[in-house]
Amino acid sequence: MRLLTQDPLDLAALIADVASPERGGTCAFLGAVRDHHADRAVLELEYSAYGPMAEAAMADIVAETERRWPVRVAVAHRLGRLAVGDAAVAVAAAGAHRDEAFAACRHVIEELKRRVPIWKRERYADGTEAWVDPTAAGAAR
Amino acid sequence: MRLLTQDPLDLAALIADVASPERGGTCAFLGAVRDHHADRAVLELEYSAYGPMAEAAMADIVAETERRWPVRVAVAHRLGRLAVGDAAVAVAAAGAHRDEAFAACRHVIEELKRRVPIWKRERYADGTEAWVDPTAAGAAR
Amino acid sequence: SRRISFSMDSRSSATVLLFARYAELVGAEQVQVRVAPGSDVRDVLQGLRAGHPGAAELPDAPLCAVNHRQARLDDAVRPGDVVAFLPPLAGG
Amino acid sequence: SRRISFSMDSRSSATVLLFARYAELVGAEQVQVRVAPGSDVRDVLQGLRAGHPGAAELPDAPLCAVNHRQARLDDAVRPGDVVAFLPPLAGG
C-alpha cells in the first residue's frame, strides 16, 4: 500500500504487509474523521500534503521504528476530501510479542502527527471552513 | 461478533462494532499463532475454553474497560484447531482520542490473558504435543 | 460444546468440571462430588482426590470457579453448585 | 499532484513552495526568490516577504524544509534549492 493515497485506506492490507509466522502480535491504529472539532460540527474535510517530503518523512519513521523495536510496521495516510467516519490514517505494527507491537504502533502515529507535512481544511455545519491548527489555543488534540 | 467462535476472526467486523462519528481513534490488537514457542517449532494448536465462565469474564472485561475509559470495545477469541498465522484473539477499542483507544485496547488483552479460562495445546514439529503453561519457568510470554 | 449433565444425587453433591490438563489427569471432564453442609471449594478438591487417583497431581491451590465465576478455595459450596478447577490460563 | 516547475532564473534563485494557509496568504503555491551567496532559509523568507505582501502574515519562524527535508532557519540555501514553508502540521 502506498504511503499517501487518494483511495480509501485498507487496514487489512497493511496488516497483511507486516504479518509473518514469527510475529504473533499485531497492533493497529485507525484515525477517522470525527463529527466534532473544538465544539464545532464537522461535515467533511480535505487533507493535502507536501508529497515528496511527507513520503520521505513517513519512510524515515518506518525505518526508525523498525530499528528501535523488533517489528515490521506499515502506515498510510489518505488525502483529498473525506467524510465523517472515513479513515484518514492507518498504522499496523507486528512483532513476536505485544509489548513491542503496541509501542511501535503508538510511536508511528505520534511521529506522523509531529513530523509529516499534511494539512486539513474542515468544513463546518454552519457553512464556514478553516485550516486546522493543532498548535492554536483551544485546539483539540 | 460472538465472544468465542470456532470461525476465523473478523477484525473489520469488530472495528465496525465500535465505530461511531464521535470516535476518531481506534486501536486494535490481533494475536496470531506463532511458529515458535520456547524455542520449539509449532505446527498447529488447539484452543479450548470453559465457555460460560470465559464469556462471562470477557463481558466483564468489556464492561469494566468501558467504565474506566470513554471508549467502546469489542473482543473475540477463536477456539478449536488453528494453524500458524491464524488469529486467535482480536480486540478493537474506539474513542474520541487515541490515548484512551490505546490504553483500553491494551487493558482488554492483558485482562483477557489474566482472567479468561482458555487453554491451548500445541503440536510441535518433532511430533510431540503439550498444554501451554504460561506460568511455567522458561515459558514464553 | 461440552454439555453439563446432572446426576441423580445433585441434591447432595456438586458438579466438578475439569479442563485441559486437569481433565487428562483425572480422566474425566465432569464428576460429581458429595458436599456436606458447610463445605468449601477446598473440601470439594479433597473429595475429588478421594474418588479419583489422577487428581493427586492437581496442585494444592489451583485456580477455581463456582457457578462459572472465579472463586477462592474457602468460598462456600452447596449441593447443586458447579465447581471448576482450572489449569494455568493460556488464552490470547 | 502539484508539479514543481523551474523558471529561467533557477541559476540565481531558489524555488519556494507554500502550502495550505500559507499558500492562501501569499496567493501562490510556488514562487522564485533570488538567493545571494551565503544565503540561509531566513534570507529566503525575507526575500519572499519583499516580493509578496501576503507573506507579511507568515510567522517569523515557520516550519521549513530544504529539498524536501525538514530544515532550520539558519540552514544554507543555494540557487536551485527547493525551500518550503509549512503551516502547523495537522496530519493523522
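In the text below, chain A, chain B and the rest are named by the order of the sequence lines, each starting its count at 1. In this text, all values refer to a predicted model and were calculated from it rather than measured experimentally. Computed from heavy atoms alone, side chains included, the values below leave out hydrogens, waters and symmetry copies.
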Looking at A/Asp39, I want to see if its CG is surrounded by more than 12 non-hydrogen atoms of other residues, nucleotides or ligands under 6.0 Å.
no
When the 4.5 angstrom heavy-atom criterion is applied to A/Trp131 and chain D, the contacting part is side chain
Hey, which of A/Ala57, A/Ala87, A/Pro117, A/Ala130 has the most heavy atom pairs under 4.5 Å with chain D?
A/Pro117
Output a table of donor-acceptor pairs, distance under 3.5 Å, between side-chain atoms of residues 8-15 of chain A and any protein atom two or more places apart or on a different chain; print 'none' if there are none.
from    : atom 1 : to      : atom 2 : distance (Å)
A/Asp10 : OD1    : A/Ala12 : N      : 3.2
A/Asp10 : OD1    : A/Ala13 : N      : 3.1

Could you list which of residues 84-92 of chain D have a heavy atom closer than 4.5 Å to any heavy atom of chain A, in residue-number order?
D/Ala84, D/Leu86, D/Pro87, D/Pro88, D/Leu89, D/Ala90, D/Gly91, D/Gly92
Nearest 0.5 Å, please: how far is CZ in A/Arg115 from CG in D/Leu63?
13.0 Å
Could you grab the distance from atom CE of A/Met53 to atom CD of D/Gln70, nearest 0.5 Å is fine?
5.0 Å
Which residues in residues 59-82 of chain A have a heavy atom less than 4.5 Å from any heavy atom of chain D?
A/Asp60, A/His77
Run the side chain to side chain contact (heavy atoms under 4.5 Å, CB included) check on A/Glu55 and D/His68 step by step: do they pass?
CA-CA 9 Å; A/Glu55 291 183 333; D/His68 315 315; over 6 Å; no
Tell me whether the count of non-hydrogen atoms from other residues, nucleotides or ligands lying under 6.0 Å of CD in D/Glu57 goes above 12.
no
I'd like to check the side chain to side chain donor-acceptor pair (under 3.5 Å) partners of D/Arg72; sequence neighbours left out, ordered by chain and number.
none
